[in-house]
Structure formats: structure tokens, C-alpha cells
Amino acid sequence: MTDAFPNQATKDHPLYEALVDFLFQLADDELCVGHRNAEWLGLAPAIEEDVAFASIAQEELGHATHLYQLLCSLGEGPEDDLAFKRPQGERRNAIFTEVANGDWAQTIVRQYYFNVFEEIRWETLSRSTYQPLADISQKMMAEEYYHVLHLETRFRQFAKSSGEALARFNHALVTVQSSLPDLFHLGIHESTLVESGICPRTSAELYEAWRERLANVMASSAISVPEVDVGSQLVWNGRIGRHTNDLHAMLETMNEVARLEEASRW
Amino acid sequence: MNSPAQPDHDVALCHAVWHALHDVPDPEIPAVSLVDLGMLHRVTVTAGHASVELLPTFVGCPALDFIKANVTKRVLDVEDVTSASVTYSTEAPWSSERITDDGIKKLRQYGIAHVNAADDTDMPACPYCGRHDAHIENLFGPTPCRMVYYCNACRQPFEAMKRTKRRNITHG
């Protein structure tokens, strides 16, 4: 591990490019998940879920804002521009976070998997040599705790269900798994990120930690933890900007109003 | 009070600013002040310039900008303060343990229970009947920092401040 990364990094710092790429991975994940969760507003199958998904969406968007502000302080531009105006190819969120919600079962499975991953990622970043990430990690984990608790309860209920619910759940386990791999990827700067301690776990180690945590939950059921070959080459990989049409559609919707009158103030 | 030992640090004015912030209510729970909630992290005053550091309860709390504006306004009203800067700090995470005893009492009177952050199994006392016999109705509530319980004794739903202490999640 090299020396601690300076908080006020400049563009000529040898780690700058890797750091910024990684911060975009974090911020873009949060933005996409926040947007997807918000899509259930008014449509969730129960009033409690409406409140829960609206709250989770608000918190994930708040996390995104915090991370874009961090990027802004490094000189990457105004936070709203970073969130809304970057072209698709520059986005670093995982495909896993951009895929359209699908039905309720797919949403619960995907959001549960994602939030467990986020918890592990923040836990990892509590040891980051980049102090602003280490500082905020504890706060993020305290908030993620409630997301995981809620989604795990729904996940368990689905696993114990029957009839149509169980059929949809089993279908969801298969479809959601197919978009999992790039979630664990750290992009083209992985070795730099790990060696510098900005992200003190490799993609394989992040996956292992995630797998282990899920294994405890699934031990009591017939469900097996998704096997992911983290080292495989992916056709679609959000961490290097290769996104699906789902992201394109999402960005179109997200920016629709802002594009009408670009100079207007909110 | 958390203030760095600077020779030109104006201790008296710093106390005045701290005291004044008792007047700034939380915009979503007006019964308590920011000081009651433990959101005030550090105040320094040097040559009439007050610098206030706040701790956000939740990173994505939508009231943060509003709170910041209210704090700035109140600080500038303090006599001898000529300028003010208000920022949010991530140096120390806010947790529900930071709520003062006075704050807990005011929250209860307002109908919001407080769960002892140090004890994971603790069930909050119903703010209406005082009994510890409730179940969780929803982990999420009207604001990010609140959740909803249902009192089995007096059959009344009530809100509680979320415990935001860091903990290990146990599964299984």
C-alpha cells in the first residue's frame, strides 16, 4: 500500500484518473438505483412498500448527490451536470443497476442483491486510503442497514411463498442473476485502485464477501447463491461504459424536463 | 463544546452563537432544535466571523439546504457577528445517540419515541401510553430519520427516531 491519498488531489496526481473513475462508479450506481426505486412510486403493491421504496430512493439519490459533490470538489464540474448531462459512454454504473425493474419479484431480488453489495462496498471503503470515502462510509452503512433489513424481509417472504408468487420469484432469481457480473467489476483501473488502497478489496474479494453474506441467509432455504465468474470478459460492462438500451431510456426520461429549458433554475 | 484552541478565537461570542442556535427548530420536527438533535458539531468565531459545522442526520435529508439557510440567518442576527459560514461535516457521523436528554423529552411530547441506540433489542416506549409493547409497522416513515411502530397495548401507531448507530448485521 502506498502513502495515504491526498484529499485535495489535483489532476496531475498519478492516482487521479483511477480515483475519479471509481467515484463515478459509486455515484452512477446510486443515481440509477435511486431512479429505478422511484419508479415504483404510486405503483408498489402495498402502501408500506410505496413509503419504503420512496424513502430508499430518496436516500440513494442523496448518496449520489454527496458523491457528485465530491467529484465537483475535485474539479469535475457542477454536480447536476455530472448527474444529468454526461453521455452514456461516460457512465460507470453497473448494468445491474440500470436494468429495467421488471415485476415486483425481480425488483425485490435485484434490490436485495444490490443493497447487500453496497453494504459490503461501504464496509470495504471504511478502510479506504482516500479519507473522504472512509469518513462517509460509516454514515452510509448506518443507512444501508435499513435498506438491507427491509429487502431481506421481503426476499425471505418470497422464498416462503407459493403459487404465482413463488413462480415469479423463481423466474426472478434466474433473470436477475444474468446481469450480475459487472456489479463487482472495478473498471480498467482495478489494480491501481486496490494497490493504492482507494478500494482495499479486489473485485473477486468483493464478490466473495457478498457471496458469503448471502450464503448465511440462503442456508435455510433451497435457494443457492448466484455463481459469478468475476474474471470473465463481458460483452456488456457498465464499469467501462458499455451500457444497454435500458440506460439510454432511463436517461431520456430523467432528463426530459431539464432538456426543455436548459437554462431554467430549479 | 468542541472548539479549537486558537489565540484569536472569541470564546464569548462562540458561546453566544451556540446559544442562539437553540432557537433554530428542525424544519420537519419543529418541537426540537438542531442543538437538541445533536446536529451542531463545531462553532468557531474569529474577528466577528462565525464558522458553524453541522452534522447531517441522513446524507440525503432533503431539509439540509433549508436548515443551512436558517442557521446562517440566525447566526448573523447574533450581536457582533459580522459574517458567517455554515457547512456540513462528515468528520463525525451523526447518530441518534447524539440527541440530548432534553431533545428526547421534547420528541416524546411531540409523539416521537426514541430508541436507545446502544441496545439493539430495546423496544421503544410508546409515547402515548408509555408501555414497551410494540411491533415495527414500517422501517421507513415520513422523513429519513423516522420509522413507524404500532403499540400493541394502546393500539396506536407511533413514530420513533431511527437508531443510526453502526452495527454488525446478523443474518440467519
Side-chain angles (χ1 to χ4, degrees), chain A residues 30 34 37 46-67 69-70 115-116 119-120 122-123 126 131-156 212-221, chain B residues 28 38-39 41-42 53-68 87-99 115 117-118 120-121 135-150 157 159-172:
Chain A
E30 303 271 16
N37 284 338
I47 188 75
E48 287 80 8
E49 294 307 315
D50 211 86
V51 175
F53 268 70
S55 298
I56 295 172
Q58 191 182 48
E59 286 170 15
E60 304 289 27
L61 290 175
H63 298 173
T65 306
H66 180 83
L67 292 159
Q69 279 167 351
L70 212 50
N115 279 284
V116 171
E119 207 181 32
I120 284 167
W122 283 119
E123 193 179 285
S126 67
Q131 201 55 40
L133 282 180
D135 281 348
I136 200 70
S137 63
Q138 199 174 334
K139 186 118 205 69
M140 296 291 197
M141 276 191 281
E143 298 184 17
E144 292 301 336
Y145 168 80
Y146 285 95
H147 302 178
V148 173
L149 193 61
H150 179 75
L151 289 157
E152 190 172 292
T153 308
R154 294 292 167 265
F155 187 87
R156 285 177 188 275
E212 202 176 301
R213 194 160 295 180
L214 280 189
N216 290 335
V217 176
M218 295 178 175
S220 56
S221 68
Chain B
E28 292 185 298
M39 286 178 71
H41 178 50
R42 183 181 288 139
E53 288 175 64
L54 301 169
L55 301 176
T57 53
F58 272 66
V59 178
C61 175
L64 295 182
D65 285 344
F66 194 66
I67 292 171
K68 193 170 161 176
T87 51
Y88 284 101
S89 169
T90 54
E91 208 174 81
W94 180 87
S95 93
S96 47
E97 285 171 314
R98 291 184 58 96
I99 303 174
V115 187
D120 256 5
T121 58
H135 63 263
I136 294 170
E137 186 85 352
N138 200 328
L139 288 171
F140 301 94
T143 68
C145 56
R146 284 133 85 185
M147 60 189 284
V148 183
Y149 282 87
Y150 184 84
E159 290 173 21
M161 295 300 284
K162 268 182 194 165
R163 288 172 297 185
T164 51
K165 189 178 186 280
R166 182 181 171 182
R167 78 204 77 193
N168 294 321
I169 293 191
T170 48
H171 290 289

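Given the structure is predicted, the values throughout are model-derived calculations rather than measurements. A note on names: the letters A, B, ... follow the listed sequences, proteins ahead of strands, and every chain is numbered from 1.
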Start with the C-alpha gap between B/Ile67 and B/Tyr88, add the side-chain angles, then the distance that decides, and say whether side chain to side chain contact (heavy atoms under 4.5 Å, CB included) holds. CA-CA 10 Å; B/Ile67 292 171; B/Tyr88 284 101; 3.5 Å; yes
Would you check if the side chain of B/Lys68 reaches a backbone N or O of B/Leu54 as a donor-acceptor pair within less than 3.5 Å? no
Applying side-chain contact (heavy atoms from CB on, under 4.5 Å), can you list everything that pairs with B/Ile99, at least two apart in sequence or on another chain? B/Leu37, B/Trp94, B/Ser96, B/Ile104, B/Leu107, B/His114, B/Met161
Using the six-membered ring of A/Tyr146, assess whether NZ or CZ of B/Lys162 lies under 6.0 Å from its centre and within 45 degrees of the ring axis. yes
Ranking A/His150, A/Met218, A/Glu60 by heavy-atom pairs under 4.5 Å to chain B gives rank one to A/His150
Lys/Arg-Asp/Glu bridge criterion (N-O < 4.0 Å) met for A/Glu123, A/Arg213: yes
Going by residue number, which parts of residues 138-148 of chain B are within reach of chain A, meaning a heavy-atom gap below 4.5 Å? B/Asn138, B/Leu139, B/Phe140, B/Gly141, B/Pro144, B/Met147
Go through B/Thr90, B/Val59, B/Ile136 and name the one with the most non-hydrogen pairs under 4.5 angstrom from chain A. B/Val59
Could you tell me which of A/Glu59, A/Met140, A/His147 has the largest number of non-hydrogen atom pairs under 4.5 Å with chain B? A/Glu59
Set out, in order, the CA-CA distance, both residues' side-chain angles and the distance that settles side chain to side chain contact (heavy atoms under 4.5 Å, CB included) for A/Asn37 and A/Leu61, then state yes or no. CA-CA 10 Å; A/Asn37 284 338; A/Leu61 290 175; over 6 Å; no
Quick one: what part of A/Ala52 sits under 4.5 Å from any heavy atom of chain B, side chain, backbone, both or neither? both
Is it the side chain or the backbone of B/Thr57 that comes within 4.5 Å of chain A heavy atoms, both, or neither? backbone
Under 3.5 Å, is there a donor-acceptor pair linking the side chains of A/Gln58 and A/His63? no
Going through the checks in order, is the side-chain hydrogen bond (donor to acceptor under 3.5 Å, both in side chains) test met by A/His66 and A/Gln69? CA-CA 5 Å; A/His66 180 83; A/Gln69 279 167 351; 4.6 Å; no
